[in-house]
Amino acid sequence: MAEFNVLPDGVSAEDFGNAIEEFAAIVGDENVFVAADNLSSYNKIMIPADSDDHAASGALAPASTEEVQAIIGVCDKYIIPVWPISTGKNFGYGSAAAATRGQLILDLRRMNKIIEVDAELGTALIEPGVTYKQLKDYLVENEIPLWLSPPAPSALVSPVGNAVDRGVGYTPYGDNFFMSCGMEVVLADGQVLRTGMGSMPNSTSWQVFKWGYGPSLDGIFTQSNYGIVTKLGMWLMPQPPAFKAFVIRFPDDADIERAVEILRPLRINQIIPNAVVIAHALWEGGAEVVRSDYYQGEGSISDEAVETMKSDLGMGAWNIYAGLYGTPDQIELNWNIVKGAFEGSGAIIQEEEDMVGNASFEYRAKLMRGEMTLKEFGLYNWRGGGGSAWFAPVAQAKGPEALSQMELAKEILGKYGFDYVAEYIIGWREGHHIIDLLFDKTNAEETAKAGQCFDELLREFSERGWGSYRTNIAYMDKVADTFGPVKKDVNQRIKRALDPKGIIAPGKSGIYT
Ligand SMILES: Cc1cc2nc3c(=O)[nH]c(=O)nc-3n(C[C@H](O)[C@H](O)[C@H](O)COP(=O)(O)OP(=O)(O)OC[C@H]3O[C@@H](n4cnc5c(N)ncnc54)[C@H](O)[C@@H]3O)c2cc1C
């Protein structure tokens, strides 16, 4: 009998061996991974948690919806849990690893067909393994003037993975789930559901009308474990005739209050239509330089060191990256409104022509026009050691709240010796406050501190009513608890109705059977 390093909970080695043979008959031997060497990429996590607690029992790479259905049948027979990933690059949230030990990773990267792009309607229907780069290349090769809205790791990652985890990009289509339309989902009983208009045979409007008829279901398949998304419809933004990127820099940390107050009406009224980033100096600097060039002392980086870095790199404490889209006339009109709004605020306004050769500006401008860049991975050189966990509370788009969140985060991070490497991404009426808790994962003491720090951030923020929009695999239960017992109970009841044996991704978002 084959030996396995990790087994699914409650499954004998013999049963697991039999299941593996059945999986191999579905996807082929070469697409079944159980040897430790072949699983290392699925087990490597950056968060402050023990990778053993999240180790996979194996991984499977199916090539079609039918293969996913057949796999689910075997999982049901042996009660083996599967954790679906699209491209598995959920860095800082758990990468490709599952919430609990012993799950089988269902790696959908081979399902990478671009099924349809409708250039007139600006829609696409794709499989989970399609990357932003692949889709971008397709649009360019076929001379289709539509833009994508990738998250910062752009080229490497999947529009499906990003949308189902409710991630964000930086064009006016920045909220990727909001801009999705229609899903195909394999359920735990092996049935295939098409959401929205897609349930109707021969529907012509699956990718153009979200709501269909009756209860709208798409949302329950995001950040959840109610099904495996095997196709996703997307709305793509028509390439505008003109685009203008700019940055507005405020000198002091406390200026976040003013920045958000000025920005909010511009966003709500769609003068600035894109998902705006307000990047703190340590995020800006973190993607550019290394910490040790400015600070070698104990604890979090000193204010003096930050000031030196800001002046060396010509940054503000807060740096607003935004874009204008439309005809040249529309842009000129809106640009005058934007400039007028910031006049007298003490901010410095810089346009694209002032920023030629500025690496931070160039990567932000690329993201705001939906192009590929990996520049933001520079953040991992800031402190070194490969540890990262995103703490991602939501703030209402009001200056005093943004300021209070910043002050609280800085205080807690400072207590543990970490830096406030953060940005606000301003959606319509809120800010995703994205804080990268960077630490040295090779240092056990620092990793333990990072865990304690994350706990305290979560506790203190939720006590003030500031909930997380997304979290990593080690904190899913804790974040679920912050949303209260009724939400948890309803989540659980839906799970039991759709997946009574708990086959799909137990523990995702704190949901079990
Ligand atoms: C430097 C840096 C910058 C980043 N910037 C951003 C950013 O700007 N915006 C942002 O949103 N994120 C950002 N991230 C986080 C992350 O890398 C991206 O969100 C990325 O898109 C997620 O990886 P993926 O697309 O491979 O998704 P996956 O890892 O494949 O999926 C994410 C999760 O969704 C679920 N899932 C995936 N596919 C399916 C499916 N088919 N059916 C059911 N459930 C599924 C799984 O639980 C999975 O764990 C950043 C990370 C780094 C390191």
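One-based numbering, in listed order, for ligands and for the atoms of each. Position 1 is the first residue of the sequence; numbering continues from there.
Atoms of ligand 1 lying under 4.0 Å from any heavy atom of F377, numbered from 1 in the order shown and given with element: 53 (C). Every atom of ligand 1 with a heavy atom of G227 under 4.0 Å away is listed here by number and element: 43 (C). Within ligand 1, the atoms closer than 4.0 Å to a non-hydrogen atom of Y380 are 52 (C), 53 (C), numbered from 1 in the order shown. Numbered from 1 in the order shown, with element, the atoms of ligand 1 that lie under 4.0 Å from a heavy atom of L108 read 41 (N). Counting the atoms of ligand 1 from 1 in the order shown, those under 4.0 Å from a heavy atom of V168 are 7 (C), 8 (O), 9 (N), 10 (C), 11 (O).
With rounding to the nearest 0.5 angstrom, the OG atom of S57 is 8.0 Å from the CD atom of Q103. For the atom pair OH of Y226 and NZ of K495, the computed distance is 8.0 Å after rounding to the nearest 0.5 Å. For the atom pair CE (M476) and NZ (K478), the distance works out to 13.5 Å, reported to the nearest 0.5 Å. Interatomic distance, E423 CD to I434 CD1, rounded to the nearest 0.5 Å: 6.5 Å.
Residue contact check for ligand 1: P84 places a non-hydrogen atom closer than 4.0 Å to it. Distances from ligand 1 to the non-hydrogen atoms of F221 include no value under 4.0 Å.
Scanning V229, L367, T222 for the heavy atom closest to atom 40 (C) of ligand 1 points to V229. Comparing N162, I85, T87, T131 against atom 26 (O) of ligand 1, the shortest heavy-atom distance belongs to T87. Across P153, G167, G129, S154, heavy-atom proximity to atom 13 (C) of ligand 1 is greatest for P153.
When hydrogens are left out, the protein atom nearest atom 2 (C) of ligand 1 is W390 CZ2, 3.6 Å; that is the closest non-hydrogen contact. Taking atom 36 (N) of ligand 1 as the reference point, the nearest protein heavy-atom neighbour is V164 CG2, 3.5 Å. The protein non-hydrogen atom at the shortest distance from atom 3 (C) of ligand 1 is E376 OE2, 3.4 Å. At the shortest separation from atom 33 (C) of ligand 1 among protein heavy atoms lies N90 ND2, 3.6 Å. W83 NE1, 3.5 Å is the protein heavy atom nearest to atom 49 (O) of ligand 1. Among protein heavy atoms, the minimum distance from atom 47 (O) of ligand 1 is reached at K508 NZ, 2.7 Å. Looking at atom 30 (O) of ligand 1, its nearest protein heavy atom turns out to be S86 N, 2.7 Å. Nearest to atom 27 (O) of ligand 1 among the protein's heavy atoms is G161 CA, 3.5 Å.
Ring geometry, F377 versus F91: the interplanar angle exceeds 60°, so the pair is classed perpendicular (tilted spans 30 to 60°). Between F391 and F454, the two ring planes are perpendicular [angle over 60°; tilted spans 30° to 60°]. Note: Y420 and H280 have perpendicular aromatic rings, judged against thresholds of 30 and 60 degrees for the angle between ring planes.
No hydrogens or angles considered: nothing links the side chains of D419 and S300 as a donor-acceptor pair under 3.5 Å. A side-chain N or O of T222 and one of R166 form a donor-acceptor pair less than 3.5 Å apart. A side-chain donor from one of Q396 and E401 sits under 3.5 Å from a side-chain acceptor of the other.
Considering both main-chain and side-chain atoms, P151 never comes within under 3.5 Å of ligand 1 through any nitrogen or oxygen pair. On a distance-only criterion, Y170 and ligand 1 share at least one N/O pair closer than 3.5 Å. Considering backbone and side-chain N/O atoms, G88 comes within less than 3.5 Å of an N/O atom of ligand 1. The shortest N or O to N or O distance between K89 and ligand 1 is below 3.5 Å. Between S158 and ligand 1, a contact under 3.5 Å exists for at least one N or O pair.
Within the 4.0 Å heavy-atom criterion, the part of R470 lying near ligand 1 is the side chain and not the backbone.
Geometric assessment of R470 against the ring of W390 yields a negative cation-pi assignment under the 6.0 Å and 45° thresholds. Figure legend: cation-pi geometry between R364 and Y321, with NZ or CZ positioned under 6.0 Å from the six-membered ring centre and within 45° of its axis. Taking the ring axis of W235 as reference, the NZ or CZ atom of K210 stays within 45° of it and closer than 6.0 Å to the ring centre.
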Subject >> CA sep, side-chain torsions, deciding dist, call: T65, E184, side chain to side chain donor-acceptor pair (under 3.5 Å) >> reply: CA-CA 9 Å; T65 299; E184 179 187 89; 2.8 Å; yes
